[in-house]
Amino acid sequence: MILIFEAVVMKITAGFLGDKMEKQLHSIIEIEQVSYRYEKEDVLENINLTIHEGAFLGIVGPNGSGKSTLLKLVLGLLKTQNGEIRLFGQEISRFKDWHKIGFVSQKANSFNTGFPATVYEVVSSGLTKKLGLFKFMKREHHMKVTQAIDSVGLLAFKDRNIGELSGGQQQRVFIARALVSDPKLMILDEPTVGVDAQNVQSFYEMLDELNKKLGITLLLVTHDIGTISDKVTHVACLNKHLHFHGKTEEFEQLKMDEMSEFYGHDVHILTHEHDHHHHHHGGSEQ
Amino acid sequence: MIAGILQYEFLQNAFLTGIIIGIIAPLIGVFIVVRRLSLIADALSHVTLAGIAASLLLEKKFIGLSGLNPLYMGMVFSVTGSLFIEKLRAVYKHYQELAIPIILSGGIGLGAIFISLADGFNTDLFSYLFGSVSAVSRADLWTILVISIFVIAMILLLYKELFLLSFDEEHAKASGIAAKSIHFIFIVMVALVIAASMRIVGILLVSSLMTLPVAASIRIAKGFKQTIFYSVLFGETSVLGGLMLSYYLDLAPGGMIVIIAVLILILTILIKKLTVKVAV
Ligand SMILES: Nc1ncnc2c1ncn2[C@@H]1O[C@H](COP(=O)(O)OP(=O)(O)OP(=O)(O)O)[C@@H](O)[C@H]1O
Ligand SMILES: [Mg+2]
């Protein structure tokens, strides 16, 4: 089985490297031979992954496969133990331009809903790092905030307390907060948990627009690969190892045959896992 | 009363100090409450008590130290306690709230030992527990003023960072702000404000002045800035009202201040209930 898998990867990598266009684009994230372990258990092993400018990468994998861990490493929330991560060409420990990276966390919709802050205030907080210590918001920054709120369609709600919004609207607020600092890269960890199907669809359409119109590079961890396969440009399958990384079309082909085999279960089970996921959350993410 | 304030220095001291702490206690209290750290104020105030007892003990045992102002020792203990809390929170990552009872009981324990070692104090310990209208000296007032200017300036300058840290700690860290240092400055400020407030409200009631006005404010405010505004308004009303009543009725101000704060809280809950009913 492993042999089949390696053959597939070789085939894909060959096609990948052959694509000259791809090589000339700037790499936004370079992950080289990264492994990670919490106390005892290895969670990531020898991950190599490069994300180019303008890509929309969907990362899939079962619960506990290390997706969030990988994102936390990229965001500097966890320190790399082995291997190297470069952001915008710079070694992560020396990287300073964090405002270029917008982040919407898996836990974004489990924040303290009683927190007394308006949508406007929450979105403004996305400018904290960009403004820098001891600096105050000026008129142009206020305009940026209004613009970001408008771009997620929540202008009418800007003076409401965030707790008074629906789950889907709150998620949009967090997108706006990530957008307000003009990020070049957005990292989203299962942003649609707790959002109903209809809103999920329009949410992904919004991401698609950010990617195509504003040229923002997107890194999205998701379980609904079915819903977004027509939007993402690349797919990565993670389960401790990186089992596959390539263009979406190649992934689609793959999922027909070998993919489901090495993944351990059929691809449409992936969608089922979504429901699974809801149950696990409360307990596992404390 | 106005005449009294013009005439007596101790009344001036009490009222000016009251006005100052009516601002800073609820101001820092907003950040404490939204971060769900309300009990830290309780723990630190008991540590401050230990500091005061230690200072009074030294004063009693060593004649040379008779000029010692308990405020300073209280402050040293309070800040040290805040650092211990941070250490403990790091040790008990998954039971961070454990740090609070540990420090709180440690504070009371030390305080009890110092008090019994001293075998009773000349100075009225009661006034430290429940506040006093007559105990604030000019020196206290100046110290408290300096602390307040520092605290207000820090909150203004670090407002964005403190807000982000309170609202979403993970995001604060992911966006690359110096979350640890800012949290550290915050906790030291809490310790300082507690020490500064105890002369007026008393050790046992300091935490109420930091939390009750905020609890009332959260009921009715839209947004964070408004929450701060109402908290300070309610805090100031409680302090000034409490001081005045306790001056006329000759009571400890701490109790009066807290009772007014409780009344305001009940009022806001009722008002909120009524307006919701009207809207429906
Ligand atoms: N803070 C932690 N300490 C110890 N182990 C952890 C910690 N966080 C995660 N793990 C373990 O690491 C593994 C990977 O977790 P991770 O959160 O990266 O998975 P995931 O792919 O994001 O899963 P999900 O789909 O449920 O979000 C899991 O087995 C988990 O138990
Ligand atoms: Mg995860």
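Below, all heavy atoms of this structure are taken into account, side chains as well, without hydrogens, waters or symmetry copies. Below, chain A is the first sequence line, B the second, and so on; all start at residue 1. Being a predicted model, the structure only gives us computed values, none of them experimental.
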With only heavy atoms counted, which part of Ser166(B) is less than 4.5 Å from chain A, the side chain, the backbone, both or neither?
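Contact with chain A involves both backbone and side-chain atoms of Ser166(B).
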Go through the atoms of Ala174(B) and report whether side chain, backbone, both or neither lie under 4.5 Å from a heavy atom of chain A.
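Ala174(B) touches chain A through backbone and side-chain heavy atoms alike.
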Among Ile177(B), Val34(B), Val30(B), Val33(B), which residue has the highest count of heavy-atom pairs closer than 4.5 Å to chain A?
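Most heavy-atom pairs within the cutoff with chain A belong to Val34(B).
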Ring-face cation contact, Phe88(A) with Lys184(A), 6.0 Å cut, 45° max:
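Judged by the rule, Lys184(A) and Phe88(A) form no cation-pi pair.
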Part of Ile162(A) lying under 4.5 Å from any heavy atom of chain B:
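Just its side chain gets close to chain B.
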Does any heavy atom of chain B fall under 4.5 Å from the side chain of Phe103(A), the backbone, both, or neither of them?
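Answer is both: backbone and side chain atoms of Phe103(A) are under 4.5 Å from chain B.
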Between the side chains of Ser105(A) and Asp189(A), is a donor N or O closer than 3.5 angstrom to an acceptor N or O?
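Absent: no donor and acceptor within the cut-off.
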Say whether Glu169(B) and His183(B), considering side chains only, have a donor N or O and an acceptor N or O under 3.5 Å apart.
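Their side chains do not contain a donor-acceptor pair, so the 3.5 Å distance test is not met.
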Distance from Ile29(A) atom CD1 to Leu57(A) atom CG, nearest 0.5 Å?
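That separation rounds to 8.0 Å.
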Salt bridge present between Glu170(B) and Lys173(B) (N-O < 4.0 angstrom)
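Lys173(B) and Glu170(B): not salt-bridged.
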Hey, which of Leu75(A), Val122(A), Ile101(A) has the most heavy atom pairs under 4.5 Å with chain B?
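Going by pairs under 4.5 Å, I would pick Val122(A).
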Looking only at heavy atoms and a cut-off of under 4.5 Å, which of Val119(A), Asp159(A), Leu127(A), Asn161(A) has the most pairs with chain B?
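So the answer, after comparing Val119(A), Asp159(A), Leu127(A), Asn161(A), is Asn161(A).
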